[in-house]
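Here is the structure we will look at.
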Amino acid sequence: MSASVLSEKISSRTARVGIVGLGYVGLPLAVEYAKAGYAVTGIDLNATKTESVNAGRSYIGDIHDGELGPLVADGKLRATTDFSVIRELDTVNICVPTPLRKTKDPDMSYIVAATQEIAKYFHPGMLIILESTTYPGTTAELVLPMLEKTGLRVGIDFFLCFSPERVDPGNAKFQTKNIPKVVGGTTSECTEVGRLFYSQALEKVIPVSSTQVAEMVKLLENTFRMINIGLVNEIAMMCHGMDINVWEVIEAAATKPFGFMPFYPGPGLGGHCIPIDPFYLSWKSKQNGIEARFIELAGQINGRMPHFVVEKIQNALNDHTKPLRGSKVHIYGVSYKRDIDDVRESPALDIMLLLERRGALISYTDPHVPTLCLDGRELSSSEDFEGTDCVVIVTDHTKFDYAGLVSRAKLIVDTRNALKTFAEPKIVRL
Ligand SMILES: NC(=O)c1ccc[n+]([C@@H]2O[C@H](COP(=O)([O-])OP(=O)(O)OC[C@H]3O[C@@H](n4cnc5c(N)ncnc54)[C@H](O)[C@@H]3O)[C@@H](O)[C@H]2O)c1
């Protein structure tokens, strides 16, 4: 089947769209294609998620039941754990996790497992797009050979692309539909089919010349953030040593209308992207004989931040004649960033463990995270911090009542500058 037959199906919205992995990336994408008029099938190994989708219940903060339910009821969106539906599909986007192993090497097992399943039901005329963040070369070196083993030829019998996912959970302004989409194909025909596919449902598509370029785009974006956060965290530690207010410095520097972009210090990196993706790049780069020194250094500095926060807490309590051992410390916000429920790699968890190791008694508040597993124990969110010795703001959710916090807490350590409008002697900033 030629590119023109598949392109015609895509343009006429008769192409049957499949999304493998219905998480933070996959479910919003599935919803966009269903809204654009395609019949969409989501495939996930997790039956709780597929049942939830089929019942019109969303488990992703950015997708509301009122949006999901009608798409399911209209037959535009369904979910299954059964990969054999791929026999009926024209396109498949792979949105499975890409974590790091303990050794900081890429864990490709999810991509491999998903591709193996796709290969079982592969047929001519399909478009396959990898969206999981990964090292440059994954699509060409790992996914392509697995698909070509079926005997089908890329650019002729099927089309293969990589398109980095840039979704920012909790961002009300930029979501799947209006975040520009970069796509690169294995051949120019693949890129063109991929461009056509995304332009049906998303506002802006940026084609690039290869899958490797598209893979590298994502890693540049996230490495840029990780390194600049590392830089500003180091500046924050320098300022601390020199008794300079780093927040005031950044705000004044940000008045420069060109050549400066503000980044802010924080308690450490969190989430499934910024702390992880750059190590995919450094791993690959090492194979080519180039040590990714900026990445390693920023990783060390950012990894030091939870320790720096704990020292701040210890010093702040000391100034109030309290030892950390035996003090009640309440963590305000545990998700890795504002207004979401995701605690993956959250620095709050490191801070809590470090505090416990030094004998502090821990509790937390997070409206988005009602329960939390810490070192094998389950903790529950509690609004009650009146009896605690210190409240530590790790994540500044917009729902929080900071004025109430300032009036009720004995001592506050603010790692996010959320309280910058309140000048109170009992507040210690990072
Ligand atoms: N979360 C983000 O903000 C974000 C942003 C940009 C890019 N990414 C990247 O997108 C990818 C997916 O991330 P996510 O946050 O959506 O992950 P997620 O964990 O929320 O979702 C992944 C889903 O894939 C399913 N899954 C795992 N293995 C599978 C398999 N073999 N077959 C079918 N389903 C399978 C899981 O059950 C899960 O529902 C990752 O590579 C991530 O780095 C994530």
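All values below come from the heavy atoms of this structure, side chains included, with hydrogens, waters and symmetry mates left out. Just so you know, ligand 1 is whichever comes first in the structure, and atom 1 is the first atom listed for that ligand.
- Those atoms of ligand 1 with a heavy atom of P97 less than 4.0 angstrom away are 19 (O), 22 (C), 24 (O), 27 (C).
- Remark: minimum distance from atom 25 (C) of ligand 1 to any protein heavy atom is reached at D44 OD2, 3.2 Å.
- At the top of the distance list for atom 32 (N) of ligand 1, counting protein heavy atoms only, stands F83 CZ, 3.3 Å.
- On a distance-only criterion, Y336 and ligand 1 share no N/O pair closer than 3.5 Å.
- For atom 12 (C) of ligand 1, the nearest non-hydrogen atom from the set I94, V96, V20 belongs to V96.
- Contact between R344 and ligand 1 is present, with at least one heavy atom of the residue lying under 4.0 Å from the ligand.
- In the candidate list C273, A114, P99, C273 is nearest to atom 2 (C) of ligand 1, counting heavy atoms.
- The protein non-hydrogen atom at the shortest distance from atom 21 (O) of ligand 1 is G23 CA, 3.2 Å.
- Ranking protein heavy atoms by distance to atom 3 (O) of ligand 1, first place goes to P169 CD, 3.2 Å.
- Of the protein's non-hydrogen atoms, the one nearest atom 6 (C) of ligand 1 is E165 O, 3.0 Å.
- The environment of R225 atom CZ is sparse: at most 12 non-hydrogen atoms of other residues, nucleotides or ligands sit within 6.0 angstrom.
- Heavy-atom proximity to Y110, at under 4.0 Å, picks out these atoms of ligand 1: 27 (C), 28 (N), 31 (N).
- The neighbour count for Q287 CD, taken as heavy atoms of other residues, nucleotides or ligands under 6.0 Å away, is above 12.
- Residue F294 qualifies as open at atom CZ: its count of foreign heavy atoms under 6.0 Å is 12 or below.
- Closest to atom 42 (C) of ligand 1 among all protein heavy atoms lies H272 CD2, 3.5 Å.
- Both the backbone and the side chain of S132 come within 4.0 Å of ligand 1, judged by heavy-atom distances.
- The distance criterion of under 3.5 Å between nitrogen or oxygen atoms is met by T98 with respect to ligand 1.
- Between Y24 and ligand 1, an N or O atom pair is found at a separation short of 3.5 Å.
- For atom 10 (O) of ligand 1, the nearest non-hydrogen atom of the protein is V25 CG2, 3.4 Å.
- Scanning all protein heavy atoms for the shortest distance to atom 9 (C) of ligand 1 gives T133 OG1, 3.5 Å.
- Taking the ring centroids of Y24 and H272, they lie at or beyond the 6.0 Å cut-off.
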